[in-house]
Amino acid sequence: MATYEFRRIEKDWQAYWAKHNTFKTETISEKEKYYVLDMFPYPSGAGLHVGHPLGYIASDIVSRHKRHNGFNVLHPMGYDAFGLPAEQYAIQTGQHPALTTDENIKRYREQLDRIGFSYDWSREIKTCDPNYYKWTQWIFIQLFNSWYNPKTNKAENIQTLVSIFEESGCETEDLNFSKEDWLGFSEKIKSDILLKYRLAFLSEAMVNWCPELGTVLANDEVKDGLSERGGFPVERKLMTQWSLRISAYAERLLTGLDKIDWSESLKEAQRNWIGKSVGCSLKFYSENIEIEVFTTRPDTIFGVTYLAIAPEHPSLDLLCVNGFRDQALEYAEKAKNRSERERQAEVKNITGAFTGSFVKHPFKNEQIPIWIADYVLGSYGTGAVMAVPAHDSRDYSFAKHFNLPIREVVSGGDISETSYDAKVGEIINSDFLNGLSVKDGIKRSIKEIESLKLGFGKTNYRLRDAVFGRQRYWGEPIPVFYENGIPKAFSENDLPLILPEIDKYLPTESGEPPLARAANWSYKNNPIETTTMPGWAGSSWYFLRYMDPSNNNGIASKQALDYWKDIDLYMGGSEHATGHLLYFRFWTKFLFDIGIIPSDEPAKKLINQGMIQGLSCLIYRVNQTSKFVSFALKNQYETTPIHIDIKLVNAANEVDIEGLKAWRPSEFSSAEFELENGKLICGTEVGKMSKRWHNVVNPDDVCNDYGADTLRLYEMFLGPLQDAKPWSTQGIEGVLRFLRKFWRLFHNNTEENFNVSIEAPSKAEFKILHKTIKKISEDIDNFSFNTSVSAFMVCVNELQDLKCNKKEILEPLVVLLSPFAPHIAEELWSLCGNTEGVSYATWPKFQPEYLVENEFNYPISFNGKVRFNLNFALDIDNKEMEASILNNEQTQKYLEGKEPKKIIIVKGKIVNVVL
RNA sequence: GCCCAGGUGGUGGAAUCGGUAGACACGCAGGACUUAAAAUCCUGUGGCUUCACGGCUGUGCGGGUUCAAGUCCCGCCCUGGGUACCA
């Protein structure tokens, strides 16, 4: 018997879509726009695994649904093509990263095509394409040529700053010069001053240096003191580096979160990363010392019993005096040299040293000792804190450890055991602050501090400027050259600055980045910058390029930018919360400020699809032997678990031993196996799907065995889109079974002869259809795709029971199913006699009249326990219904002769008899 | 530690507004068709109890609000994710 031939159907329709450019999007249209974007992948050598398509399928469903509803949908795909793995492969093999990248992209494209996504491939972009990175470089130049004006609260051209300097000089904490001074400065000095303001700037700063990778890393590329890529140790190092002044946008990045529809957890992650704290700066003095601290709790000023400074504090040398100097400096040196990682690992070890110096308390006659403590960070605030042990847990532990006084100044806690950190309570022991609440105390103390000119109200952010240069080859060259040591941007007309060919992809012998190997790496006889941009450069604006991908005059045409504006739905993983998703908001705000784009947030709505985890299979080697034991026996020995290829294991966790020997002959061909019941049983573990754990499931295999439509439906059916879930093919059969049943509805309940009737459907059949239209439409709007699949199953089961093969019912169902399972939908749509494809067919309209009921089968409950059901007309009078219930034989049984206190009737829902 | 999300059958999960807990699917058990297998179809399937009708119990734990709680409130426990001497 011929069956539902998914392999042929899927191949045919994929060819049809390609031939007819079915999903080509008009750049400008009369129709309303809808922009659905997937985070573009880095094309790795491992290819796609079944986890990648999860989000792509969901966004494809939304795109197709919007097309059915008459929107002009932009749904593109591309590649984040610069990156470390291709470069490391190049170092090992000498193969040019561009070649490796192209091969990988080709494979990704084949895999994506098999799943039937409705991407407009004519808009494909690659970040390593010079026609693309020309504009990444162009944006860098705009950043270089801009500064952030705090008065207008936006980025402006650097010339507006130069005008200010020319007219009135400059008077800030760090800089102080008159307009005459400015005019007299050398070009070099002017350049140095402007670099302190440019949004892309060169500065000497502590950076995260990874010796193993030979490059610096941004904060979000370091996790627990290790590099995110490769897991190598990272050190702090003072280097001159290009950075982007994202800190200027801290406040706007924070407040902007309130107007976008992103998940609360993701917004919270960004808020924490930006880390706003409101407080004040405050200077402490002695005769020859001045130390500035930052605090969020100026209300506790009378509780200060010592100052703590970071080991990196600039005034350290000055502060260490007489009998304490050697010991203190030795401590500071030791603390400084410990890596970030060590410092983090030893959080609970309290260490510190007294400097021997004192400062005066600002409001009373008291000397306050200055300590060095490694719990104070050199890179945050001023690198010094006023310690209030009674009301800060870290100060408390430190004070306890070194026997320093603890003075309570806010009532409400018990400071004999632990500090009282809460910002509630009445201020005590605090002179002019006594009796105030914490909130009022903060205001009052800041006022006092300001009037004495000791400090001022101030807001600090944790967000650091982003290091932008990488000592690597495979990235965008930074379009900057050095004329007499002064950094200058390329002329826009000379872009793109093409990545040069070099002989080796390693740093030079003198330790310079790979680009220093390039012949003639100069611009108008001046040396060009040799670091390249980080991976996140190209991904910070790519969503704009899709709007008009081949434009030669700008990132996109003004009309295209104005029409498409922003992303309506952005789909991607939450691992980018503090990296890409922050950077692309930053660049969007910048481009908005300089008038290039119409929106200052890139994505109105963001959905984080959950990760599909892999199930790894483990066998157990007895230590120091080549003997492997079955799962149940592993506790009898000292064993080491070994990951094996999941293809060698069946559904009952039985290992194919012959296959195992063939897989890794050197390891297993002569191994001994101890079995249970004649089988080698493996253990399992849920974790990341990765080549390394041999647990990767390739979507191509699933498409071969079950079909792309089944894969699409199954991935949606697994559970809520946002949840993480382990991949398992248990249950995929059920989805294929459903598609076969659907197919059979059109084929006279065999799978062969197409047979639909033009007879008028019954009321019951219409009801099933409209119930489904309603449910699917609502579910798509709520991104609840797992329940849509189940609704389809219910619908098909019900129609099958009615043996329904009416065209008037089945044809609209094809349209409903088409976003989810587009290939079978196209096939059935065409069998129904349609000559145009289904992709732009009108979405069926829900007609509520088909669902109107005039009776309801009420559950009758007694004290909340449902006992039986009774049918009543929905328009029946409550009195009448009550009487009927009371007269009912079964009611009498449950009343047990008692008089009901009350009868609650909820129309169309339930009846509750209260006894 | 702090922040966020979550905890429902053997499994994945459903219950969108406080109104019949367990939809849909997997798995399992039994049956039909078949020489057989595959495919397909039918029946059953939270637990305890009962020949059966039925009864009791049940959404991490302990309280509470309500005619009615998986859903709301209070207090805990556990899991996953993020983040951390950030002053």
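Order of the sequence lines sets the chain letters (A, B, ...), proteins ahead of strands, with each chain counted from 1.
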* **Close side-chain approach of A:Tyr706 and A:Val735, heavy atoms under 4.5 Å** =>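 SC-SC contact between A:Tyr706 and A:Val735 ruled out.
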
* Output field: ring centroids A:Phe302/A:His361 closer than 6.0 Å ->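 Centroid distance A:Phe302-A:His361: below 6.0 Å, so yes.
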
* Asked: Are A:Phe398 and A:Tyr375 an aromatic pair by the rule of ring centers under 6.0 Å?
  ->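 Judged by ring-centre distance (under 6.0 Å), A:Phe398 and A:Tyr375 do meet the cut-off.
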
* To do: Output the residues of residues 906-915 of chain A in contact with RNA chain B, where contact means a heavy atom of the residue under 4.0 Å from an atom of the strand; sort by number or write none.
  =>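 Hits under 4.0 Å, by residue number: A:Val906, A:Lys909, A:Ile910, A:Asn912, A:Val914.
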
* **Over 12 foreign heavy atoms within 6.0 Å of NZ, A:Lys439** =>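 Not more than 12 within 6.0 Å, no.
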
* Asked: So with a 6.0 Å cut-off around NZ of A:Lys774, is the heavy-atom count from everything else above 12?
  ->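 Counting neighbours around NZ of A:Lys774, 12 or fewer heavy atoms of other residues, nucleotides or ligands fall under 6.0 Å, so no.
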
Atom pairs, protein N/O to nucleotides 23-27 of chain B N/O, distance under 3.5 Å:
residue	atom	partner	partner atom	Å
B:A25	OP1	A:Asn797	ND2	3.0
B:C26	OP1	A:Arg737	NH1	2.4

Given atom [atom1] of [X] and atom [atom2] of [N], what is their separation to the nearest angstrom?
X        : N     : atom1 : atom2 : value
A:Asp299 : B:A87 : CG    : P     : 14 Å
A:Lys276 : B:C2  : NZ    : C1'   : 20 Å
A:Trp727 : B:U11 : CH2   : C1'   : 16 Å

* Each stem that RNA chain B is part of, given as range with range (3 or more consecutive Watson-Crick or G-U pairs, under 3.5 Å) ->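 Consecutive-pair runs (3 or more) involving RNA chain B: B:1-7 with B:77-83, B:10-12 with B:24-26, B:27-32 with B:40-45, B:46-49 with B:54-57, B:60-64 with B:72-76.
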
* **Sugar-phosphate only, base, or nothing, as touched by A:Lys267 at under 4.0 Å among non-hydrogen atoms** =>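 Nothing, no nucleic acid heavy atom in range.
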
* To do: Check every strand shown and say whether A:Pro726 touches a base, only sugar-phosphate, or nothing at a heavy-atom separation below 4.0 Å.
  =>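 No contact at all - A:Pro726 keeps every heavy atom at 4.0 Å or more from the nucleic acid.
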
Carboxylate-amine/guanidinium proximity below 4.0 Å for [X] and [Y]:
X        : Y        : value
A:Glu264 : A:Arg271 : yes
A:Lys725 : A:Asp723 : no
A:Glu853 : A:Lys767 : yes

[X] and [Y]: side-chain donor and acceptor closer than 3.5 Å?
X        : Y        : value
A:Tyr894 : A:Ser861 : no
A:Thr787 : A:Ser784 : yes
A:Asp392 : A:Ser419 : no

* Earlier contact from the 5' end, RNA chain B, for A:Tyr894 and A:Leu266 ->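 Nearer the 5' end of the strand: A:Leu266.
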
* **Syn/anti label of B:C17 as read from its glycosidic torsion, with the cut at 90° from 0** =>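 Here B:C17 takes the syn form, which means its glycosidic angle is within 90° of 0.
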
* Syn or anti for B:G30 (syn when the glycosidic angle lies within 90° of 0) ->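 Anti.
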
